[in-house]
Amino acid sequence: MSDVLPVLKQNRIVIVGEHHNNKRHHKAQLNVIRTLKESGIQVAIGLEMFRSDSQQALNQWVSGDIGGEAFQEIFYDNWGYSWEHYRVIFDYAKDEKVPLIGLNVARDITRQVARRGFQSLSKEQKGKLSNIACRVDKEYMDYIKKAFGGHGHGQLNFTYFCEAQLVWDTVMAINILDYLQKNPDTLMVVLTGTGHARKNAIPKQIRKRSEVAQAVVLPEVKGIIEPKTVDKSDADYIILDL
């Protein structure tokens with residue numbers, strides 16, 4: 001980290017990928033957050049794990065105005081993975097008063113898109129998505145096959161699955177940029193699954209909307225994310241020996 005820190009500090013966005021159920025990945029994410037903050041950077045943490053409509057609960061957690069049990073209930077309403085895997089990050093944010101920012105879209109919208117396609121959304125639902133377009137091209141479909149192993153969609157229509165992922169990537173990108181515009185002195189560390197972290201996902205949607213400096217850090221996953229399988233088109237750095 002001491003070698004990487006000077007370069008990371010030059011960015012406004014540092015996206016650090018994870019496999020959600022890998023506790024070592026979350027410890028590595030915390031190391032990135034802590035190192036940046038201790039270097040004097042004003043840091044916020046962007047979360048795939050929380051919807052933007054749960055922002056009040058995140059604010060209450062950081063300020064100490066909500067108890068652990070009540071917050072865990074909200075965590076599980078937002079996310080289906082173990083609180084214990086993420087606890088070190090949330091405790092650090094609370095102790096150090098680091099803002100936590102919910103980035104995700106309402107669950108019912110992504111579920112509907114995955115099952116019935118983007119065009120099935122009502123005008124009101126699309127309005128909640130900042131009226132984004134959802135045009136899945138061959139390049140993005142090829143990326144999804146690579147990132148999710150070609151079978152992440154299960155029994156779902158693959159085009160609809162791609163649309164759902166694109167909506168997810170796009171809304172999170174918009175929410176990241178919106179926060180940074182309102183907080184111009186802040187660097188956001190974004191925590192998200194590796195499929196959303198790679199450069200063809202959230203970073204691409206950010207580039208379409210802004211020239212803000214960003215970097216992508218992926219955790220090593222044996223046989224999937226390694227120096228021989230991932231290059232600069234996917235990420236800027238790989239965290240090894242996890």
Side-chain angles (χ1 to χ4, degrees), residues 15-34 43-116 121 125 128-129 147-149 151-156 160-161 164-176 178-179 188-197 201-202 218-219 221 242:
I15 302 175
V16 190
E18 64 177 59
H19 276 193
H20 305 312
N21 59 358
N22 191 317
K23 202 168 185 177
R24 294 188 300 276
H25 290 185
H26 303 306
K27 289 182 178 179
Q29 290 172 325
L30 177 59
N31 187 37
V32 173
I33 295 165
R34 180 188 287 118
V43 175
I45 303 171
L47 300 167
E48 176 196 357
M49 306 86 216
F50 270 75
R51 303 183 301 273
S52 58
D53 59 14
S54 293
Q55 187 59 50
Q56 182 179 356
L58 291 170
N59 296 343
Q60 290 174 328
W61 173 257
V62 173
S63 65
D65 293 331
I66 188 172
E69 289 187 11
F71 184 74
Q72 284 182 52
E73 286 184 16
I74 298 168
F75 174 88
Y76 282 118
D77 179 65
N78 278 267
W79 200 236
Y81 292 87
S82 172
W83 160 257
E84 289 303 321
H85 289 353
Y86 291 87
R87 183 170 190 160
V88 290
I89 293 169
F90 284 94
D91 283 348
Y92 178 82
K94 182 178 182 179
D95 292 342
E96 299 297 329
K97 304 304 179 189
V98 177
L100 294 166
I101 310 303
L103 301 176
N104 219 326
V105 64
R107 184 188 302 116
D108 61 320
I109 289 181
T110 49
R111 185 177 296 153
Q112 180 175 327
V113 173
R115 292 175 177 173
R116 292 192 279 152
L121 296 178
Q125 287 174 311
K128 294 178 181 178
L129 303 176
F148 290 88
H151 53 74
H153 58 293
Q155 299 301 313
L156 299 173
Y160 295 166
F161 178 75
Q165 298 303 311
L166 183 56
V167 167
W168 213 324
D169 292 339
T170 303
V171 170
M172 287 196 282
I174 290 171
N175 287 335
I176 291 165
D178 181 62
Y179 182 84
M188 181 180 284
V189 179
V190 177
L191 310 184
T192 185
T194 58
H196 295 293
I202 294 174
L218 295 180
V221 179
L242 293 177

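Worth saying up front: this structure is predicted, and the values here are computed from it rather than measured. Heavy atoms only: backbone and side chains are in, while hydrogens, waters and symmetry mates are out.
- Using modelled atom types, one side-chain atom of E48 and one backbone atom of G193 make a donor-acceptor pair closer than 3.5 Å.
- Across all non-hydrogen atoms, the minimal contact from M49 to L191 is CE-O, 3.2 Å.
- Ring planes of F90 and F50: tilted class, angle from 30 to 60°.
- Around atom CD of Q72, more than 12 heavy atoms belonging to other residues, nucleotides or ligands sit under 6.0 Å away.
- With hydrogens and angles left out, the side-chain atoms of D169 and Q165 include no donor and acceptor closer than 3.5 Å.
- A distance of 5.0 Å separates CG of L58 from CZ of F71, quoted to the nearest 0.5 Å.
- Under the 30°/60° scheme for interplanar angles, the aromatic rings of W168 and H196 are found to be tilted.
- Listed for the S63 side chain is a donor-acceptor partner under 3.5 Å among the backbone atoms of Q60.
- At a threshold of 4.5 Å between non-hydrogen side-chain atoms, the residues I89 and I45 count as touching.
- In this structure, CG in D95 is found 6.0 Å from CG in D91, a value given to the nearest 0.5 Å.
- Distance CG/L166 to OG1/T110: 12.5 Å, rounded to 0.5 Å.
- Expressed to the nearest 0.5 Å, how far NE2 of H25 lies from OG1 of T194 amounts to 8.5 Å.
- Across every non-hydrogen atom of Y179 and P99, the tightest pair is OH-CB, 3.7 Å.
- In the displayed structure, E69 atom CD is contacted under 6.0 Å by at most 12 heavy atoms of other residues, nucleotides or ligands.
- Counting heavy atoms of neighbouring residues, nucleotides and ligands inside a 6.0 Å radius, atom OH of Y81 does not exceed 12 of them.
- Of all heavy-atom pairs between R34 and Y92, the closest is CA-OH, 3.6 Å.
- Here the two rings, on Y76 and Y86, have centers that are 6.0 Å apart or farther.
- Interatomic distance, H19 NE2 to H85 NE2, rounded to the nearest 0.5 Å: 13.0 Å.
- I74 has its side chain within reach of I66: a pair of non-hydrogen atoms, C-beta onward, lies under 4.5 Å apart.
- I101 is not listed as a side-chain neighbour of L47, based on a closest heavy-atom distance of 4.5 Å or more.
- Put simply, the side chain of N175 gets close to the backbone of L103: a donor and an acceptor are under 3.5 Å apart.
- The main-chain N or O of V62 is found under 3.5 Å from a side-chain atom of K97 such that the two form a donor-acceptor pair.
- Looking at E18, its side chain never comes within 3.5 Å of a backbone N or O of Q29 through a donor-acceptor pair.
- For V43 against V98, the heavy-atom pair with the smallest separation is O-CG1, 3.4 Å.
- Of all the heavy atoms in N78 and S54, the pair that sits closest is ND2-OG, 3.1 Å.
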Verdict with reasoning, D77 to R51, per side chain to side chain contact (heavy atoms under 4.5 Å, CB included): CA-CA 10 Å; D77 179 65; R51 303 183 301 273; 2.8 Å; yes
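- For the residue pair I202 and I176, the shortest heavy atom distance occurs at CG2-CD1, 4.0 Å.
- Looking at H26, its side chain does come within 3.5 Å of a backbone N or O of H20 through a donor-acceptor pair.
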